[in-house]
Number of protein chains: 2
Amino acid sequence: MGTHYRGTPEEIRVLDTFIKLVRAANSMGERSLRHLSEFGLNESQFAVLEAVAALGPLCQKDIAKKILKSKANITVIVDALEARKLLKRERSQEDRRYMDVHLTVEGRQLIDQVFPLHLRNMVEEMSILTPEEQQELGRLCRILGRKERPS
Amino acid sequence: MGTHYRGTPEEIRVLDTFIKLVRAANSMGERSLRHLSEFGLNESQFAVLEAVAALGPLCQKDIAKKILKSKANITVIVDALEARKLLKRERSQEDRRYMDVHLTVEGRQLIDQVFPLHLRNMVEEMSILTPEEQQELGRLCRILGRKERPS
DNA sequence: TCTTGATGATTCAATGTCGAACCATCCACA
DNA sequence: TGTGGATGGTTCGACATTGAATCATCAAGA
(Lines give C-alpha, C1' and ligand atoms only; values in the text may rest on other atoms or scores of the structure.)
Protein backbone atom coordinates (compact mmCIF):
# COMPACT_ATOMS: atom_id res chain seq x y z
CA MET A 1 0.00 0.00 0.00
CA GLY A 2 3.01 2.25 0.31
CA THR A 3 1.68 3.97 3.39
CA HIS A 4 4.87 3.22 5.29
CA TYR A 5 7.12 6.15 6.07
CA ARG A 6 9.66 6.30 3.29
CA GLY A 7 11.86 9.16 4.35
CA THR A 8 13.10 12.47 3.16
CA PRO A 9 14.31 13.02 -0.39
CA GLU A 10 17.84 12.52 0.84
CA GLU A 11 16.96 9.24 2.46
CA ILE A 12 15.13 8.06 -0.61
CA ARG A 13 18.09 8.91 -2.78
CA VAL A 14 20.46 7.03 -0.51
CA LEU A 15 18.37 3.88 -0.38
CA ASP A 16 17.79 4.03 -4.09
CA THR A 17 21.49 4.35 -4.80
CA PHE A 18 22.30 1.50 -2.46
CA ILE A 19 19.84 -0.93 -3.99
CA LYS A 20 21.12 -0.13 -7.47
CA LEU A 21 24.66 -0.66 -6.31
CA VAL A 22 23.80 -4.08 -4.95
CA ARG A 23 21.87 -5.03 -8.05
CA ALA A 24 24.67 -3.96 -10.35
CA ALA A 25 27.26 -5.94 -8.42
CA ASN A 26 24.97 -8.98 -8.30
CA SER A 27 24.16 -8.75 -11.94
CA MET A 28 27.74 -8.43 -13.12
CA GLY A 29 28.91 -11.15 -10.77
CA GLU A 30 26.26 -13.55 -11.89
CA ARG A 31 26.93 -12.99 -15.55
CA SER A 32 30.63 -13.50 -15.09
CA LEU A 33 30.00 -16.66 -13.07
CA ARG A 34 28.00 -18.42 -15.74
CA HIS A 35 30.99 -19.20 -17.92
CA LEU A 36 33.07 -20.53 -15.07
CA SER A 37 30.91 -23.56 -14.40
CA GLU A 38 31.96 -25.10 -17.71
CA PHE A 39 35.40 -25.46 -16.21
CA GLY A 40 34.14 -26.87 -12.95
CA LEU A 41 35.06 -23.73 -11.05
CA ASN A 42 32.94 -21.62 -8.80
CA GLU A 43 33.51 -17.93 -8.34
CA SER A 44 35.70 -18.27 -5.27
CA GLN A 45 37.85 -20.97 -6.77
CA PHE A 46 38.36 -18.85 -9.85
CA ALA A 47 39.24 -15.85 -7.71
CA VAL A 48 41.90 -17.83 -5.87
CA LEU A 49 43.42 -19.21 -9.05
CA GLU A 50 43.41 -15.79 -10.61
CA ALA A 51 45.03 -14.18 -7.58
CA VAL A 52 47.83 -16.72 -7.46
CA ALA A 53 48.30 -16.53 -11.22
CA ALA A 54 48.49 -12.77 -11.16
CA LEU A 55 50.52 -12.20 -8.01
CA GLY A 56 52.60 -15.34 -7.70
CA PRO A 57 52.70 -17.63 -4.64
CA LEU A 58 50.65 -16.28 -1.74
CA CYS A 59 49.98 -17.40 1.78
CA GLN A 60 46.37 -18.20 2.64
CA LYS A 61 45.89 -15.16 4.79
CA ASP A 62 46.86 -12.90 1.88
CA ILE A 63 44.53 -14.81 -0.41
CA ALA A 64 41.73 -14.29 2.11
CA LYS A 65 42.34 -10.57 2.18
CA LYS A 66 42.55 -10.41 -1.59
CA ILE A 67 39.31 -12.22 -2.36
CA LEU A 68 37.36 -11.01 0.69
CA LYS A 69 36.68 -14.38 2.30
CA SER A 70 37.48 -15.80 5.73
CA LYS A 71 40.63 -17.79 6.23
CA ALA A 72 38.54 -20.82 7.20
CA ASN A 73 36.99 -20.61 3.78
CA ILE A 74 40.33 -20.30 2.04
CA THR A 75 41.39 -23.58 3.61
CA VAL A 76 38.37 -25.26 2.04
CA ILE A 77 38.83 -23.64 -1.35
CA VAL A 78 42.52 -24.44 -1.53
CA ASP A 79 41.75 -28.01 -0.43
CA ALA A 80 39.48 -28.42 -3.44
CA LEU A 81 41.89 -26.86 -5.90
CA GLU A 82 44.79 -28.84 -4.53
CA ALA A 83 42.77 -32.05 -4.84
CA ARG A 84 42.39 -31.22 -8.53
CA LYS A 85 46.12 -30.56 -8.70
CA LEU A 86 45.58 -27.00 -9.84
CA LEU A 87 47.40 -25.58 -6.83
CA LYS A 88 50.03 -26.84 -4.45
CA ARG A 89 50.62 -25.93 -0.83
CA GLU A 90 54.18 -25.67 0.38
CA ARG A 91 55.21 -24.95 3.92
CA SER A 92 57.15 -21.69 3.98
CA GLN A 93 60.84 -22.06 4.81
CA GLU A 94 61.24 -18.73 6.57
CA ASP A 95 58.17 -19.12 8.78
CA ARG A 96 56.64 -22.53 9.09
CA ARG A 97 53.23 -21.15 10.06
CA TYR A 98 52.69 -19.98 6.51
CA MET A 99 51.61 -22.07 3.58
CA ASP A 100 52.87 -20.83 0.22
CA VAL A 101 50.17 -21.54 -2.30
CA HIS A 102 51.36 -21.71 -5.87
CA LEU A 103 50.03 -22.77 -9.25
CA THR A 104 50.85 -26.13 -10.79
CA VAL A 105 51.39 -26.53 -14.50
CA GLU A 106 47.81 -27.76 -14.82
CA GLY A 107 46.58 -24.78 -12.86
CA ARG A 108 48.46 -22.43 -15.12
CA GLN A 109 47.00 -24.13 -18.17
CA LEU A 110 43.48 -23.85 -16.81
CA ILE A 111 43.69 -20.23 -15.79
CA ASP A 112 45.24 -19.37 -19.16
CA GLN A 113 42.14 -20.84 -20.74
CA VAL A 114 39.58 -19.37 -18.40
CA PHE A 115 40.91 -15.94 -17.67
CA PRO A 116 40.83 -14.53 -21.22
CA LEU A 117 37.29 -15.79 -21.60
CA HIS A 118 36.29 -14.20 -18.33
CA LEU A 119 37.98 -10.99 -19.36
CA ARG A 120 36.14 -10.91 -22.65
CA ASN A 121 32.80 -11.35 -20.93
CA MET A 122 33.51 -8.68 -18.36
CA VAL A 123 34.55 -6.24 -21.07
CA GLU A 124 31.40 -6.95 -22.99
CA GLU A 125 29.18 -6.50 -19.95
CA MET A 126 30.91 -3.31 -18.96
CA SER A 127 30.95 -1.87 -22.46
CA ILE A 128 27.42 -0.64 -21.96
CA LEU A 129 29.19 2.22 -20.18
CA THR A 130 31.65 4.54 -21.88
CA PRO A 131 35.25 4.40 -20.70
CA GLU A 132 34.73 7.70 -18.88
CA GLU A 133 31.65 6.36 -17.15
CA GLN A 134 33.52 3.25 -16.11
CA GLN A 135 36.28 5.38 -14.68
CA GLU A 136 33.79 7.51 -12.79
CA LEU A 137 31.97 4.46 -11.48
CA GLY A 138 35.28 3.07 -10.27
CA ARG A 139 36.13 6.34 -8.57
CA LEU A 140 32.83 6.54 -6.71
CA CYS A 141 32.92 2.89 -5.68
CA ARG A 142 36.47 3.22 -4.46
CA ILE A 143 35.41 6.00 -2.13
CA LEU A 144 32.46 4.01 -0.81
CA GLY A 145 34.46 0.85 -0.39
CA ARG A 146 37.21 2.32 1.73
CA LYS A 147 37.48 0.63 5.09
CA GLU A 148 38.89 3.69 6.73
CA ARG A 149 36.86 6.81 6.36
CA PRO A 150 38.39 10.24 6.53
CA SER A 151 36.64 11.63 9.57
CA MET B 1 55.41 -11.93 -9.42
CA GLY B 2 52.91 -10.24 -11.71
CA THR B 3 54.25 -11.95 -14.80
CA HIS B 4 50.80 -13.17 -15.74
CA TYR B 5 49.13 -11.54 -18.71
CA ARG B 6 46.99 -8.74 -17.36
CA GLY B 7 45.32 -7.40 -20.47
CA THR B 8 44.99 -4.24 -22.44
CA PRO B 9 44.29 -0.91 -20.76
CA GLU B 10 40.62 -1.42 -21.51
CA GLU B 11 40.63 -4.81 -19.87
CA ILE B 12 42.49 -3.51 -16.86
CA ARG B 13 40.01 -0.69 -16.49
CA VAL B 14 37.07 -3.06 -16.67
CA LEU B 15 38.43 -5.47 -14.09
CA ASP B 16 39.42 -2.64 -11.85
CA THR B 17 35.97 -1.10 -12.04
CA PHE B 18 34.34 -4.44 -11.35
CA ILE B 19 36.37 -5.20 -8.26
CA LYS B 20 35.67 -1.76 -6.86
CA LEU B 21 31.98 -2.23 -7.51
CA VAL B 22 31.94 -5.49 -5.62
CA ARG B 23 33.95 -4.07 -2.75
CA ALA B 24 31.70 -1.04 -2.44
CA ALA B 25 28.56 -3.17 -2.37
CA ASN B 26 30.13 -5.56 0.15
CA SER B 27 31.34 -2.77 2.31
CA MET B 28 28.05 -0.89 2.42
CA GLY B 29 26.08 -4.08 2.95
CA GLU B 30 28.25 -5.24 5.77
CA ARG B 31 28.11 -1.90 7.54
CA SER B 32 24.34 -1.79 7.26
CA LEU B 33 24.07 -5.36 8.51
CA ARG B 34 25.90 -4.75 11.75
CA HIS B 35 23.05 -2.90 13.40
CA LEU B 36 20.46 -5.49 12.46
CA SER B 37 21.85 -8.26 14.62
CA GLU B 38 20.85 -6.39 17.76
CA PHE B 39 17.26 -7.03 16.75
CA GLY B 40 17.84 -10.67 15.94
CA LEU B 41 17.44 -10.08 12.22
CA ASN B 42 19.73 -11.00 9.41
CA GLU B 43 19.92 -9.05 6.18
CA SER B 44 17.40 -11.15 4.32
CA GLN B 45 14.88 -11.14 7.12
CA PHE B 46 15.16 -7.39 7.35
CA ALA B 47 14.74 -7.06 3.60
CA VAL B 48 11.55 -9.11 3.68
CA LEU B 49 10.09 -7.16 6.59
CA GLU B 50 10.98 -3.90 4.92
CA ALA B 51 9.46 -4.94 1.61
CA VAL B 52 6.18 -5.95 3.19
CA ALA B 53 6.13 -2.84 5.36
CA ALA B 54 6.73 -0.58 2.39
CA LEU B 55 4.57 -2.25 -0.22
CA GLY B 56 1.86 -3.93 1.78
CA PRO B 57 0.99 -7.64 1.62
CA LEU B 58 2.99 -9.49 -1.02
CA CYS B 59 3.03 -13.02 -2.31
CA GLN B 60 6.27 -14.92 -1.85
CA LYS B 61 7.18 -14.86 -5.48
CA ASP B 62 7.03 -11.07 -5.49
CA ILE B 63 9.10 -10.95 -2.35
CA ALA B 64 11.66 -13.18 -4.02
CA LYS B 65 11.89 -10.88 -7.01
CA LYS B 66 12.10 -7.82 -4.80
CA ILE B 67 14.92 -9.01 -2.56
CA LEU B 68 16.77 -11.08 -5.18
CA LYS B 69 16.54 -14.47 -3.52
CA SER B 70 15.14 -17.81 -4.65
CA LYS B 71 11.59 -18.73 -3.77
CA ALA B 72 12.88 -21.71 -1.80
CA ASN B 73 14.78 -19.29 0.32
CA ILE B 74 11.78 -17.03 0.81
CA THR B 75 9.90 -19.97 2.26
CA VAL B 76 12.62 -20.40 4.86
CA ILE B 77 12.85 -16.70 5.67
CA VAL B 78 9.11 -16.27 6.01
CA ASP B 79 8.99 -19.42 8.15
CA ALA B 80 11.40 -17.83 10.59
CA LEU B 81 9.62 -14.48 10.68
CA GLU B 82 6.24 -16.11 11.05
CA ALA B 83 7.54 -18.22 13.92
CA ARG B 84 8.47 -14.97 15.64
CA LYS B 85 5.00 -13.64 14.85
CA LEU B 86 6.39 -10.73 12.87
CA LEU B 87 4.63 -11.84 9.68
CA LYS B 88 1.57 -13.87 8.88
CA ARG B 89 0.82 -16.00 5.84
CA GLU B 90 -2.70 -16.01 4.52
CA ARG B 91 -3.92 -18.08 1.61
CA SER B 92 -5.09 -15.75 -1.13
CA GLN B 93 -8.82 -15.85 -1.76
CA GLU B 94 -8.68 -15.12 -5.49
CA ASP B 95 -6.01 -17.71 -6.24
CA ARG B 96 -5.30 -20.31 -3.63
CA ARG B 97 -1.81 -20.98 -4.94
CA TYR B 98 -0.66 -17.63 -3.57
CA MET B 99 0.25 -16.86 -0.01
CA ASP B 100 -0.37 -13.27 1.01
CA VAL B 101 2.36 -12.33 3.43
CA HIS B 102 1.51 -9.42 5.69
CA LEU B 103 2.92 -7.72 8.77
CA THR B 104 1.55 -8.39 12.21
CA VAL B 105 1.31 -5.63 14.80
CA GLU B 106 4.54 -6.89 16.33
CA GLY B 107 6.18 -6.90 12.92
CA ARG B 108 5.11 -3.32 12.34
CA GLN B 109 6.47 -2.29 15.71
CA LEU B 110 9.80 -3.92 15.02
CA ILE B 111 10.29 -2.49 11.56
CA ASP B 112 9.29 0.95 12.82
CA GLN B 113 12.14 0.65 15.27
CA VAL B 114 14.71 -0.83 12.95
CA PHE B 115 14.08 0.95 9.70
CA PRO B 116 14.81 4.52 10.82
CA LEU B 117 18.03 3.32 12.40
CA HIS B 118 19.01 1.54 9.23
CA LEU B 119 18.15 4.60 7.22
CA ARG B 120 20.27 6.82 9.39
CA ASN B 121 23.26 4.51 9.02
CA MET B 122 22.88 4.26 5.27
CA VAL B 123 22.68 8.03 4.95
CA GLU B 124 25.78 8.43 7.03
CA GLU B 125 27.72 5.87 5.02
CA MET B 126 26.64 7.36 1.74
CA SER B 127 27.26 10.93 2.80
CA ILE B 128 30.88 10.55 1.89
CA LEU B 129 29.61 11.22 -1.63
CA THR B 130 27.89 14.43 -2.65
CA PRO B 131 24.22 14.20 -3.64
CA GLU B 132 25.24 14.63 -7.27
CA GLU B 133 27.77 11.84 -7.00
CA GLN B 134 25.19 9.58 -5.40
CA GLN B 135 22.82 10.30 -8.23
CA GLU B 136 25.49 9.58 -10.81
CA LEU B 137 26.49 6.37 -9.06
CA GLY B 138 22.86 5.32 -9.08
CA ARG B 139 22.53 6.09 -12.76
CA LEU B 140 25.61 4.07 -13.72
CA CYS B 141 24.63 1.14 -11.52
CA ARG B 142 21.13 1.11 -12.91
CA ILE B 143 22.51 0.73 -16.41
CA LEU B 144 24.83 -2.08 -15.37
CA GLY B 145 22.16 -3.86 -13.40
CA ARG B 146 19.59 -4.06 -16.15
CA LYS B 147 18.65 -7.63 -16.93
CA GLU B 148 17.77 -6.85 -20.52
CA ARG B 149 20.43 -5.21 -22.53
CA PRO B 150 19.70 -3.07 -25.56
CA SER B 151 21.29 -5.16 -28.28
C1' DT C 1 66.50 -21.26 27.93
C1' DC C 2 61.66 -20.89 29.06
C1' DT C 3 57.50 -18.67 28.95
C1' DT C 4 54.02 -15.95 26.99
C1' DG C 5 51.42 -13.63 23.59
C1' DA C 6 50.63 -13.22 18.72
C1' DT C 7 49.60 -15.21 14.41
C1' DG C 8 48.67 -18.55 10.30
C1' DA C 9 46.16 -22.61 9.31
C1' DT C 10 42.73 -26.14 10.31
C1' DT C 11 38.60 -28.19 12.22
C1' DC C 12 33.93 -28.07 13.59
C1' DA C 13 29.17 -26.80 14.12
C1' DA C 14 25.81 -23.64 12.53
C1' DT C 15 23.64 -20.95 9.05
C1' DG C 16 22.12 -19.22 4.53
C1' DT C 17 21.29 -20.18 -0.07
C1' DC C 18 20.14 -22.67 -4.17
C1' DG C 19 18.23 -25.98 -7.88
C1' DA C 20 15.41 -29.85 -8.63
C1' DA C 21 11.63 -32.53 -7.59
C1' DC C 22 7.22 -32.31 -5.97
C1' DC C 23 2.37 -30.87 -4.66
C1' DA C 24 -1.65 -27.89 -5.07
C1' DT C 25 -4.08 -24.95 -7.80
C1' DC C 26 -5.52 -22.45 -11.81
C1' DC C 27 -6.73 -21.80 -16.64
C1' DA C 28 -7.49 -22.81 -21.53
C1' DC C 29 -9.44 -25.66 -24.42
C1' DA C 30 -11.25 -29.95 -26.25
C1' DT D 1 -16.71 -31.81 -17.80
C1' DG D 2 -12.20 -33.05 -17.72
C1' DT D 3 -7.48 -32.90 -19.15
C1' DG D 4 -2.87 -30.94 -19.63
C1' DG D 5 0.28 -27.22 -19.14
C1' DA D 6 1.66 -23.40 -16.31
C1' DT D 7 2.62 -21.47 -11.92
C1' DG D 8 3.21 -20.54 -6.66
C1' DG D 9 4.92 -22.73 -2.68
C1' DT D 10 7.35 -26.42 -0.10
C1' DT D 11 10.69 -30.02 0.72
C1' DC D 12 15.04 -31.97 0.24
C1' DG D 13 19.84 -32.55 -0.50
C1' DA D 14 24.00 -30.18 -1.59
C1' DC D 15 27.20 -26.59 -1.05
C1' DA D 16 29.46 -22.12 0.41
C1' DT D 17 30.62 -19.50 4.13
C1' DT D 18 31.44 -18.10 8.77
C1' DG D 19 33.09 -17.56 13.85
C1' DA D 20 35.00 -19.98 17.58
C1' DA D 21 38.06 -23.26 19.26
C1' DT D 22 42.35 -25.48 18.52
C1' DC D 23 47.07 -26.58 16.93
C1' DA D 24 51.66 -25.28 15.37
C1' DT D 25 54.94 -21.94 15.11
C1' DC D 26 57.31 -17.69 15.90
C1' DA D 27 59.27 -13.62 18.41
C1' DA D 28 60.28 -11.03 22.47
C1' DG D 29 61.58 -10.70 26.97
C1' DA D 30 62.55 -12.50 31.79
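Every chain is numbered from 1 and lettered A, B, ... according to where its sequence line falls, protein lines coming before strand lines.
Two different hydrophobic clusters hold B:V76 and B:F46 under the rule that ILVMFWY side chains link at heavy-atom gaps under 4.5 Å. One hydrophobic cluster, built from ILVMFWY side chains closer than 4.5 Å, cannot hold both A:I128 and B:I19; they sit in different ones.
Regarding A:D95, its CG atom lies at a distance of 12 Å from the P atom of C:dT7, rounded to whole Å. If you measure from atom CD of B:E43 to atom C1' of D:dT17, you get 14 Å, rounded to the nearest angstrom. In this entry the distance linking CD1 of B:I74 with P of C:dG19 reads 13 Å, nearest Å. The separation between B:L41 atom CG and C:dT15 atom P is 15 Å, rounded to whole Å. Distance B:R91 CZ to C:dA24 C1': 8 Å, rounded to the nearest Å. Taking atom CD of residue B:Q93 and atom C1' of nucleotide C:dC26, one finds them 15 Å apart after rounding to whole Å. Summarising the geometry, the separation between CD on B:E90 and C1' on D:dG9 is reported as 16 Å, rounded to the nearest angstrom. Look at CD on B:Q60: it is 10 Å from P on D:dT11, rounded to the nearest Å.
When all heavy atoms of A:I111 and A:P116 are compared, the pair lying nearest together is O-CD, 3.8 Å. Considering every non-hydrogen atom in both A:M28 and A:E125, the closest pair reads SD-CB, 3.7 Å. For the pair A:S27 and B:G145, the tightest heavy-atom approach, listed with the atom from each and the gap, is OG-O, 3.7 Å.
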Any protein N or O atoms within reach of nucleotides 12-16 of chain D? Criterion: under 3.5 Å, listing atom names and distances.
| unit_1 | atom_1 | unit_2 | atom_2 | d |
| --- | --- | --- | --- | --- |
| D:dA16 | OP1 | A:N42 | ND2 | 3.0 |

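Among D:dT7, C:dT10, C:dT17, the nucleotide with an atom closest to any side-chain atom of B:I77 is C:dT17. Distance from the side chain of B:T75 is smallest to D:dT11 among D:dT11, C:dT10, D:dT18. Minimum atom distance to the side chain of A:R97 is reached by C:dA6, of the listed C:dA6, C:dA24, D:dG19.
Residues A:R139 and B:E133 are paired through a salt bridge, judged by an N-O separation under 4.0 Å between the basic side chain and the carboxylate. Ion pairing between B:K71 and B:D62 fails under the 4.0 Å rule for side-chain N and carboxylate O. Between A:K20 and A:D16 a salt bridge is recorded (basic side-chain N to carboxylate O distance below 4.0 Å).
The side chain to side chain contact (heavy atoms under 4.5 Å, CB included) with A:L87 is formed by just one residue from the set A:I77, A:D79, A:L81; it is A:L81. A side chain to side chain contact (heavy atoms under 4.5 Å, CB included) with A:L103 holds for exactly one of A:L86, A:V52, A:L110; it is A:V52.
Side chain B:K71 to base D:dG9: a donor-acceptor pair is found below 3.5 Å.
Proximity of B:R96 to the phosphate of C:dC27: no side-chain N or O atom is located under 4.0 Å from OP1 or OP2.
As judged by a 4.0 angstrom heavy-atom cut-off over every strand, B:R89 is placed among residues touching the sugar-phosphate backbone only.
Between B:Y98 and A:E94, the one whose closest nucleotide on DNA chain D sits nearer the 5' end is B:Y98.
Comparing the helix axis at one end of the helix from C:dT1-D:dA30 to C:dA30-D:dT1 with that at the other, each defined from 5 consecutive pairs, gives an inter-axis angle of 0° (nearest 10°).
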